[in-house]
Amino acid sequence: MGTLALVAVAALPAQAAPDTIRIGVATAGGGDPVTWGGSPGGVARVNNWLEEEFKATGIKVEWLFFKGAGPAVNEALSNRQIDFAYQGDLPSIVGRSNGLKTKLLLASGARNNLYLVAPPKSDIRSIKDLKDRTVSIFRGTNGHLVAINVLAANGLAERDIKGVNLDTGSAQAALVSSGVDAAFGGYEWFKVRDQGLAKVVYSTQGQDPAFTRQASLLVRADFEQANPAEVQRVVDVFVRAARWSSDEKNRDELFRIWARSGTPVASWAAEFDQQQLAVRNSPLADDFIIGRYKAVVADALKLKLIRREVSVDDWFDTRYLKNALKKQGLENYWTAYDAKGQPKASPSVASR
């Protein structure tokens, strides 16, 4: 938002600021108070940066965590129970295809890996071994589509496996009790592996970045329209958290903060092994992020996970992000990546 736009906003009749800003997070989280890891947002949460930001104006910040992940967040957005959402790519696209009016403000947790795990003594040693096996997939989440693409890259379709729709906790219980033969999931499986209860059969680490999952901070469009100043302040804090979370000298402390969610430091070290923090925690809506959202739309249509086309270019609203980068002197801090996930020739601002 430029200076003229800010002047124009200031000239409008004063609108009452919200009493509470409600942020929905697409994970059950853990700890006390409940928090989550893998996103700079978890740093803002643990450090109370948003609460401090709004303290002087008397606005409360409320965090809501959803065991039902992305699909449950969509329901909360639809019922106007939350104002902002931290959510993965596929569920946010499903929400948009169903008529949810949201705006994507910034990336918050890019290139999240996907893993396939099996019991330690299982004869499953590769994706190809999953044919006719019972496999847990958390349907409707951003891991669902990547799992389908990984299967396809190995000559299998989803119908070639006996898919079972289980949330994270249920999948862990099922695998440990031999209720399923294998399970797709994220970093949460390292804890189970380190307890000797599972082995990692496949990882997207070091593979084509198209096999990774993206997450973003969204806002309800009507909330953004009515409260641009508050939206800017939320984005400012998320960018500050992204900057802190991208600094390699904070790596150990970052993992300790994320570990408060119940996922051990060792799991975060494994998830981020040989990966730069600044690549994973960049807030930029660059060509890679936008390209991944477009690819997810195309795949979701093909697989009939959504019924109609979803536009992506007009969904990202990076005015607030650009403002925050400029204010914090971070316009050239992060590298922008092209659609294939390779660094662009020169650093860029928030893209478009």
Next item on the list: Compare all side-chain heavy atoms of L254 with those of V43 and state whether any distance is below 4.5 angstrom.
Entry: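 Contact flag for L254/V43 side chains = yes.
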Check: So do the side chains of K191 and T263 get within less than 4.5 Å of each other, counting heavy atoms only?
Finding: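 Contact flag for K191/T263 side chains = no.
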Next item on the list: Identify, with sequence neighbours excluded, every residue that meets side-chain hydrogen bond (donor to acceptor under 3.5 Å, both in side chains) alongside S311.
Entry: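 Listed in chain order: R96, D314.
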Checklist line | Any residue meeting side-chain hydrogen bond (donor to acceptor under 3.5 Å, both in side chains) with E53, in chain and number order, not counting sequence neighbours | finding: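 Scan of E53 (side-chain hydrogen bond (donor to acceptor under 3.5 Å, both in side chains), adjacent residues dropped) gives R233.
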Check: So with a 6.0 Å cut-off around NZ of K340, is the heavy-atom count from everything else above 12?
Finding: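 Count not over threshold, so no.
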Check: Is it the case that more than 12 heavy atoms not belonging to Q276 sit under 6.0 Å from its CD atom?
Finding: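 Open.
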Any donor-acceptor pair under 3.5 Å linking the side chain of [X] with the backbone of [Y]?
X    : Y    : answer
N154 : V150 : yes
R193 : V200 : no
D287 : Y337 : no

Please say yes or no: joined through hydrophobic side-chain contacts below 4.5 Å, possibly via intermediate residues, are [X] and [Y] part of one cluster?
X    : Y    : value
I137 : L303 : no
V219 : W49  : yes
V34  : L50  : yes

What distance separates [X] [atom1] from [Y] [atom2], expressed to the nearest 0.5 Å?
X    : Y    : atom1 : atom2 : answer
R125 : D123 : CZ    : CG    : 6.5 Å
L325 : E331 : CG    : CD    : 7.0 Å
D181 : T134 : CG    : OG1   : 4.5 Å
N227 : R220 : CG    : CZ    : 9.0 Å
K55  : E52  : NZ    : CD    : 7.5 Å
I23  : L64  : CD1   : CG    : 9.5 Å

Do any side-chain atoms of residues 107-119 form donor-acceptor pairs under 3.5 angstrom with protein atoms, and if so which ones, sequence neighbours left out?
unit_1, atom_1, unit_2, atom_2, d
S108, OG, S39, OG, 2.8
R111, NH2, G341, O, 3.0
N112, OD1, R280, NH2, 3.4
N112, ND2, G109, O, 2.9
N112, ND2, R213, O, 3.2
N113, OD1, T204, OG1, 3.3
N113, ND2, E271, O, 3.2
N113, ND2, E271, OE2, 3.3
Y115, OH, Q205, NE2, 3.0
Y115, OH, E271, OE1, 2.5

Check: Given W36, which of W258, Y86, W268 fulfils the ring pair (Phe, Tyr, Trp, His ring centres under 6.0 Å) condition?
Finding: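 Testing W36 for a ring pair (Phe, Tyr, Trp, His ring centres under 6.0 Å) against W258, Y86, W268 leaves exactly one candidate, Y86.
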Check: Which pairs pass side chain to side chain donor-acceptor pair (under 3.5 Å) with one or both residues in residues 59-69, sequence neighbours excluded?
Finding: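 Residue pairs passing side chain to side chain donor-acceptor pair (under 3.5 Å), neighbours aside: E51-W63.
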Next item on the list: Fit a plane to each ring of W315 and Y293, take the angle between them on a 0 to 90° scale, and name the class: parallel (under 30°), tilted (30 to 60°) or perpendicular (over 60°).
Entry: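 Rings of W315 and Y293: perpendicular, as their planes differ by over 60°.
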Item checked: Ring centroid separation F223 to F84 under 6.0 Å ->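 Yes; F84 has its ring centre under 6.0 Å from that of F223.
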Give the table of side-chain donor-acceptor pairs shorter than 3.5 Å for residues 70-78, with sequence neighbours excluded, one pair per line with atom names and distance.
unit_1, atom_1, unit_2, atom_2, d
N74, OD1, Q87, NE2, 2.9
N74, ND2, P91, O, 2.7

Margin query: Holding to ring pair (Phe, Tyr, Trp, His ring centres under 6.0 Å), I want the full list of residues that pass it with F211, two or more places apart in sequence or in another chain.
Written below: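 Here no residue qualifies.
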